[in-house]
Chemist: 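Quick one: structure below, then a few questions.
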Amino acid sequence: MKNKQLVFDYTNLISDAIGEHHGLSLDEVQEYQRHADEFHKALKTDRETERIGFYNLPFHKKTTRMIKEFTKRNYNKFENFVVLGIGGSALGNIALLSSLKHPYYNLLTGKERGGYPRIFVLDNIDPELVVDFLDVINPKKTLFNVISKSGSTAETAAQLLIITDILRKKLGRKFTRNVVITTDPEQGDLRSIAEENAIQSFDIPPNVGGRFSVLSSVGLLTAAFANININQLLRGAEDMLKRCSSPDLMKNPAYLNAVFHYLMDTRRRKNISVMMSYSSPLYYWADWYRQLWAESLGKNTDLQGDPVSVGQTPVKALGVTDQHSQVQLYTEGPNDKVFTFLTVENYRRDIKIPKFKQQYSSLEYLSGNKLSKLFDSEMRATEYALAQQQRPSCRVVFPQINEYTVGQFIMMYQIQTAFAGLLYNVDAFNQPGVEAGKRATYGLLGREGYADEAKKIQAKEKKRLKLE
Ligand code: PA5
C-alpha cells in the first residue's frame, strides 16, 4: 500500500465536471483564502487557550495509559462490555466497532475474540429494546460503561438506575466492580456517584463536547475493550492534525471540504449533505457525521447574537444498498444535495466471483472479477450518473480501513466542522436545541425546577388534532 493518507477527491464538485450552475469554480473557493487565514488564527488561539479541547486529545498520554492498564487488568474478567450512553457518548463508539472489528464480532467465540468480551452500545431507551437486551446478557458477567459528559442526560441516567438496581440485587455492595463511569472530571451527578461509591471512572475533558469526544476516554475505553489499537488511532488523528496545520485551503483537506460544503449550501442551494458510504464497515461514520454536522451547524443565532437560520441537513446512505432505494431521487429529484462518497482502495478481505457451470450472457461479465471490482465500479457508476445530471459529489478515499486511517478521518471531520462553524458564523460547540428538549423532558417527569416546561407542553397537548 503506497499511500497511507486519506485522499480528498473533489473533481465532481467543480464546474468543469458538472457545469457552473451547480459546480463551483476554484476561483470562488480561493476567494475564501482570506477568511481561511483569519479563521485558522482564531482556531489556533482556541486550541492554545484550551477553549476547544478535541485538537489535543491525541496527546493525552496519561489517559491512554490509564485506559490500557485498566483494560489489561479487566478485559478477560467479563463476557460483555456494554456502553450506556447516547449521542456523542455512543455514536463514535458504534462507528469504531463497526469499522474496525468483524461485522459479526459478538457472534464470534470468546477464543476468536482473543478472550475479549462481546461489545454492545445501548443508545436508546425504548423499553422493549432495553428489556429484550437483558435477555441476552448476564449482568453479573458484564461491565457497564456509563458515559455522559453532563452526567445528567435522562436516558443515560435511567439506564444507570435500571442496571445498578439489577446489579445490587445480584451482587450486593460488590456491584461497583461491574460499573465504570466516564464523565466530566468535576461536575455532574455521575461524577458524585462515581466518587461516593468508589466506582472506577474516566474523565471527559471539560473543553471537549459530546460529539467531539470519540478520541477521549469516551471512545478509547470501548476501543481498548475491543482490542482496537488505540495508539494507531491517535497517531492517525495526530497526522491529520499536522496535515491540517496549514491555513492554505489547497493543502488542508478539512478546510477545503468545509469551504466546498459551505459554498454548495449558500451559493448553489445544496442544503442537504449526503454521506454515502461505499463501505459497509464505514457506514456508521456517516451516522456519526450526521450528529457532528447537524448539531454543530444547525443554529438560529449567529456569533453576534443576531437571529439566523443556518445548517446543512446531513443524510446517511449506503452503497450499493441505497442504489436500489435512494439513487433514483438523488439523480432525478431536486438538485439540492451535495454527496460525499466514502470509498476504500484496498479491502481487508475479498472474494473472486466464480464461473457458473453453464454459460449465461447475463452472468458472464461478472465471472472472474473480484467482488471489490464490482463494488468499486458501482460507486464510480453512481458518481458518473450523478455528475451527468449536474449533481455535485466528492470522495473521501481510505487507502485501507484501519485504526490509522479511521483516526485521520475523525480528526479531519472534527476540524472541518469547527472551521465550518466560523464560515457560517455560528458557535459549533453548543447545542441549545438539544438542551431545550432535555429540559422539557425533565419537566414532564416532574424534576424539580422544570415545572414551567411541563405546564407549557401539557397546555399544547390538550389541543391535539386526532382521528380516533
Ligand atoms: O454533542 C453533544 O454534546 C450531545 O449530542 C451529547 O453527546 C448528548 O446529548 C449526550 O449528552 P451527555 O454525554 O451529556 O449525556
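Here the structure is a predicted model, which means the values were calculated and not measured. In each ligand, atom 1 is the first atom listed, and ligand 1 is the first ligand listed. Residue numbers run from 1 in the order of the sequence given.
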Chemist: Looking only at protein heavy atoms, which one is nearest to atom 7 (O) of ligand 1, and what is the separation?
Modeler: G88 N, 2.8 Å
Chemist: For atom 12 (P) of ligand 1, what's the nearest protein heavy atom and its distance?
Modeler: T153 OG1, 3.2 Å
Chemist: Under 4.0 Å from any heavy atom of R211, which atoms of ligand 1 are there?
Modeler: 1 (O), 2 (C), 3 (O)
Chemist: Is E435 atom CD crowded by more than 12 heavy atoms from other residues, nucleotides or ligands, each under 6.0 Å away?
Modeler: yes
Chemist: Distance-only, no hydrogens or angles: does the R447 side chain make a donor-acceptor pair with backbone N or O of Y450 under 3.5 Å?
Modeler: no
Chemist: List the closest protein heavy-atom neighbour of atom 4 (C) of ligand 1: residue, atom name, distance to the nearest 0.1 Å.
Modeler: E295 OE1, 3.4 Å
Chemist: Checking R235 against Y404: charged group under 6.0 Å from the ring centre and within 45 degrees of the axis?
Modeler: yes
Chemist: Report yes if the side chains of P103 and S98 come closer than 4.5 Å at any heavy-atom pair, otherwise no.
Modeler: no
Chemist: Starting from atom 9 (O) of ligand 1, what is the nearest protein heavy atom, named by residue and atom, and what distance separates them?
Modeler: K438 NZ, 3.3 Å
Chemist: Between E28 and R268, does at least one N-O distance fall below 4.0 Å, as a salt bridge requires?
Modeler: yes
Chemist: Check this for me - ligand 1, G151, N or O atoms closer than 3.5 angstrom, yes or no?
Modeler: no
Chemist: For atom 5 (O) of ligand 1, what's the nearest protein heavy-atom neighbour? Residue, atom name and distance, please.
Modeler: Q291 NE2, 2.6 Å
Chemist: S89 heavy atoms, cut-off 4.0 Å: which ligand 1 atoms fall inside?
Modeler: 7 (O), 13 (O)
Chemist: Determine, using ring centers only, whether Y255 and F419 are less than 6.0 Å apart.
Modeler: yes
Chemist: Would you say K270's side chain and T266's backbone share a donor-acceptor pair under 3.5 angstrom?
Modeler: no
Chemist: Can you list the atoms of ligand 1 that are under 4.0 Å from a heavy atom of Q431?
Modeler: 3 (O)
Chemist: Considering non-hydrogen atoms of the protein only, which is the closest contact for atom 8 (C) of ligand 1, and what is the distance?
Modeler: I86 O, 3.8 Å
Chemist: Any donor and acceptor pair, going by atom type alone, linking the side chain of D184 with main-chain N or O of E186 inside 3.5 Å?
Modeler: yes
Chemist: Of all the atoms in ligand 1, which lie at a distance below 4.0 Å from a heavy atom belonging to S148?
Modeler: 12 (P), 13 (O), 14 (O), 15 (O)
Chemist: Tell me whether ligand 1 is touched by E155 - counting only heavy atoms on the residue side and a distance under 4.0 Å.
Modeler: no
